[in-house]
Amino acid sequence: MHSDILDAVKQRNPNEPEFIQAAEEVIISVLPALDRHPEFRRLKILERMLEPERLISFRVTWLDDKGEVQINRGYRVQMNSAIGPYKGGIRFHPSVNVSVLKFLAFEQIFKNALTGIPMGGGKGGSDFDPKGKSENEIMKFCQAFMSELTRHIGHRLDVPAGDIGVGGREIGYMFGAYKKIKNEFTGVFTGKGIGWGGSLIRTEATGYGLIYFAENMLHTKGDSIKGKTCLVSGSGNVAQYAIEKINKLGGKVITASDSNGFIIDEAGITKDKLEFLKDLKNNRRGRIKEYAEKFKGVVYQEIDPKADHNPMWNIKADCAFPCATQNEINGKDAANLVKNGIKLVGEGANMPVTIEGINILIDNGIMYSPGKASNAGGVATSGLEMTQNYMGSNWTREEVDNKLQSIMKNIHDTCLAVANEYGKPGNYLVGANIAGFLKVANAMKAQGVI
Ligand code: NDP
Ligand code: 2IT
C-alpha cells in the first residue's frame, strides 16, 4: 500500500532501516483511522509522532580493568510525551544505534498507550557490550553513562528501565549513580530491587504477560496453553519467565537460544532445568551450549547468522514465542512455521518478525500478536512500580500479578474490539496500532501544535 507519510519517513531517515520498518508497519495499519479522522491528517499527528521530541546522543568515557580508556556512545530517544512522562528501557548491545533506538522508542509510544497507564514513549542505550566485562567494568560503565544521562531524566520527566543487556544489576548501578549526583531518592528507574523501591513481579512481568496474552488469544478459540508444545527463543529475562509461565499453565517448551545457538529439549525445559538455565544466564553469564552438555537427550545447534533461515523455527510445535531480538523470524521462517502447523505466534521481543513474516502468518490465518501488545506486561508493571513509588507503599505479589493479568486481558480485548471496528476481525496488529494511535492522537490534538 502506498503512503505519502511513509515516503517522507524513508526520505528523511535514509540510513535507519529498523526505524523505517517499525514506521511502515504502523503507518500502513493506521491509514484507515486517518481516513475516519481527517483532523488527525490535517494536524499531521502521525507525522509528528514519527519525529522524536528530543534525541540525545553523548560520549561515554571510562577506564577498563587494564587502565585503558574506552569510548562508547550513549543515547536517549524521548519520542513522545503526550500522555505521560517518557518511559522505556535502556539497551546495552553492540548493535545499538540511532535507528534501533528510534524503532524501539516509536513502538513504545503505542505499547505504553495500550497499557492504560499514563506513560509516554522513550528508549535509550549504548553500543557498550556487557559480554566478557568484569563486575568492576560494568559498574564503571554504568556510572560513566549516568554521569551524562542523569541531567536528562527524572521521575516526572523520563523513567528508564531494563532491556537487552540491562537487568537488575545494571539498574542498581545506574540508580545508585543517579541518586548520588542528584542527592535525592525517587522512582527515576523501574526494575529496581525489592527493598529499595522495586515492585514485586516486575522481573517476571514481560514473560508472564506474554503468556497471559497468548492464553487470552487461545481462549477465543476455546483452547488454552495446556498441552501445547512451544518454541521459545532467547534465554534472557523475557524468555525465562515465558518458559516459567508456560510450564505453570501445563504447556511444554522444547527450545531456547542465545546469540550463538539453540537447544532442542524434546522432554521439555522443566522446572529444575529452568533453574539451571536461570543460574547459567543470570549468575554465571554462560552460553546456552552448556545446557545441552548438562542434560541428556538435548541437542545443541549453532546459528549461522548469514543463513537465509533459522532452523529453530523449522521444528514442529503449536505455539512460537520469539523472545530474543528484532527480525529473528523472516519470511522463510514464517513459512516454515506455517508448514509445520503452528497455531499461534506471540511476540515477546520487540519487532522479532519481519513485515514479510507477519504477512505470511496473517495471510495463513495464524493467531499473531505484535510485541507492542503482547510484551506490554513489562512496561505495564513498570507503571505499577511508578504508582507504588508515588504512593510510597508496596503492593503484594498477588496484587501486582492480578493487576498484570487484568491489564493483559484489557489490551487483548481492546485489540480485538478495534480490529473488528475497522473490519479486520482477529487482526491483533491492526487493533493494537489503531488503539494505541487513537489514544495518543487525541491527546496531541488537545494539546495543540507543539
Ligand atoms: P536479555 O538481555 O535478558 O536477553 C536477551 C536474549 O536474547 C539473550 O538470550 C541473548 O543472547 C539473545 N539475543 C540478544 N541479541 C541477540 C541477537 N542479536 N541475536 C540472537 N540472540 C540475541 O533481554 P530481554 O530478555 O530483556 O529482552 C529480550 C527482548 O524482549 C528484546 O527485544 C527486548 O526489547 C524485549 N522486551 C524486553 C522487556 C523487558 O522487560 N526486559 C519488555 C518488553 C520487551 P546472548 O546471551 O547471547 O546475548
Ligand atoms: O520494551 C520494553 O517495553 C521494555 N524494555 C520495558 C520498558 C519499561 O520501561 O519497563
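Read the numbers this way: they start at 1 and go in the same order the structure lists the ligands and their atoms. For this chain, numbers begin at 1 and follow the sequence in order.
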I'd like to know if the side chain of [X] reaches the main chain of [Y], judged simply by a donor and an acceptor atom lying under 3.5 Å from each other, with no hydrogens or angles considered.
X	Y	result
Glu347	Pro370	no
Asn442	Leu438	yes
Ser257	Gly234	yes
Asn80	Ile109	no

Using a strict threshold of under 4.0 Å (side-chain N to carboxylate O), is an ion pair present between [Y] and [X]?
X	Y	result
Glu275	Lys278	yes
Asp127	Arg73	no
Glu215	Lys409	no

Interfacing atoms of ligand 1 (cut-off 4.0 Å, heavy-atom, [X]):
X	value
Lys131	45 (P), 47 (O), 48 (O)
Cys323	28 (C), 29 (C)
Arg202	40 (O)
Gly234	9 (O)

Any nitrogen or oxygen of [X], main chain or side chain, under 3.5 Å from a nitrogen or oxygen of ligand 1?
X	result
Ala239	no
Gln326	no
Gly165	yes
Lys111	no
Asn350	yes
Asn375	no
Thr206	yes

Say you draw a straight line from [atom1] of [X] to [atom2] of [Y]; how long is it, rounded to the nearest 0.5 Å?
X	Y	atom1	atom2	value
Ser126	Ile90	OG	CD1	9.5 Å
Asp258	Thr325	CG	OG1	12.5 Å
Glu24	Gln21	CD	CD	8.0 Å
Phe437	Ser29	CZ	OG	10.5 Å
Thr354	Asn359	OG1	CG	8.5 Å

I'd like to check whether Ala161 has a polar contact with ligand 2, where a contact means an N/O of the residue lying under 3.5 Å from an N/O of the ligand.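 Min N/O separation from ligand 2 is not below 3.5 Å for Ala161.
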Do ligand 2 and Asn350 have nitrogen or oxygen atoms that lie under 3.5 Å from each other?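 The answer is yes, given that Asn350 and ligand 2 share an N or O pair closer than 3.5 Å.
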What's the shortest distance from [atom] to any protein heavy atom, and which residue and atom give it?
atom	result
atom 20 (C) of ligand 1	Ser259 CA, 3.5 Å
atom 13 (N) of ligand 1	Ala324 CB, 4.1 Å
atom 25 (O) of ligand 1	Val238 N, 3.0 Å
atom 34 (O) of ligand 1	Asp163 OD1, 2.6 Å
atom 16 (C) of ligand 1	Thr325 CG2, 3.7 Å
atom 7 (C) of ligand 2	Gly89 N, 3.5 Å
atom 27 (O) of ligand 1	Ile164 CG1, 3.7 Å
atom 9 (O) of ligand 2	Lys87 NZ, 2.6 Å
atom 9 (O) of ligand 1	Ser235 N, 3.0 Å
atom 46 (O) of ligand 1	Lys281 NZ, 3.4 Å

Is Gly191 near ligand 2, meaning one of its heavy atoms is under 4.0 Å from it? no
Report yes or no: does a heavy atom of Arg91 sit under 4.0 Å from some atom of ligand 2? no
Heavy-atom contacts with [X] under 4.0 Å: which atoms of ligand 2 show up? List them by number with element.
X	answer
Ser382	8 (C), 9 (O), 10 (O)
Lys111	1 (O), 2 (C), 3 (O)
Gln108	1 (O), 2 (C), 3 (O), 7 (C)
Arg202	6 (C), 8 (C), 10 (O)
Lys123	1 (O), 2 (C), 4 (C), 5 (N)

Heavy-atom closest contact ([X] atom, [Y] atom, distance):
X	Y	answer
Ser199	Thr381	OG-CG2, 4.4 Å
Ile264	Ile315	CD1-CD1, 3.7 Å
Met119	Val379	CE-O, 3.5 Å

Against the six-membered ring of Tyr390, is Arg156 placed for a cation-pi contact (under 6.0 Å from the centre, within 45° of the normal)? yes
Whether Lys133 engages the ring of Phe92 as a cation-pi pair (distance to the six-membered ring centre under 6.0 angstrom, angle to the ring normal within 45°) should be assessed. no
Can you label the angle between the Phe141 ring and the Trp62 ring as parallel, tilted or perpendicular, going by 30° and 60°?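 The arrangement is perpendicular - the two ring planes meet at more than 60°.
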Return the option from [options] holding the heavy atom at the smallest distance from [atom].
atom	options	result
atom 6 (C) of ligand 1	Gly125, Gly236, Gly88	Gly236
atom 15 (N) of ligand 1	Arg91, His93, Lys123	His93
atom 26 (O) of ligand 1	Asn237, Asn282, Asn260	Asn237

Classify the contact between [X] and ligand 1 as side chain, backbone, both or neither, using a heavy-atom distance cut-off of under 4.0 Å.
X	answer
Ser257	backbone
Met351	neither
Pro305	neither

Before giving the answer on side-chain hydrogen bond (donor to acceptor under 3.5 Å, both in side chains), spell out for Asn13 and Lys102 the whole-Å C-alpha distance, their side-chain angles and the decisive distance to 0.1 Å. CA-CA 10 Å; Asn13 308 280; Lys102 276 175 64 182; 2.9 Å; yes
List the steps, then state whether salt bridge (Lys or Arg N to Asp or Glu O under 4.0 Å) holds for Arg151 with Glu148. CA-CA 6 Å; Arg151 74 184 84 224; Glu148 174 67 29; 3.4 Å; yes
Consider side chain to side chain donor-acceptor pair (under 3.5 Å). Of Lys111, Arg91, Glu18, Lys372, which one does Asn350 pass it with?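 So, applying the side chain to side chain donor-acceptor pair (under 3.5 Å) to Asn350 and each of Lys111, Arg91, Glu18, Lys372, only Lys111 qualifies.
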Would you call Arg287 a ligand 1 contact, heavy-atom distance under 4.0 Å?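 Flag set, Arg287 near ligand 1.
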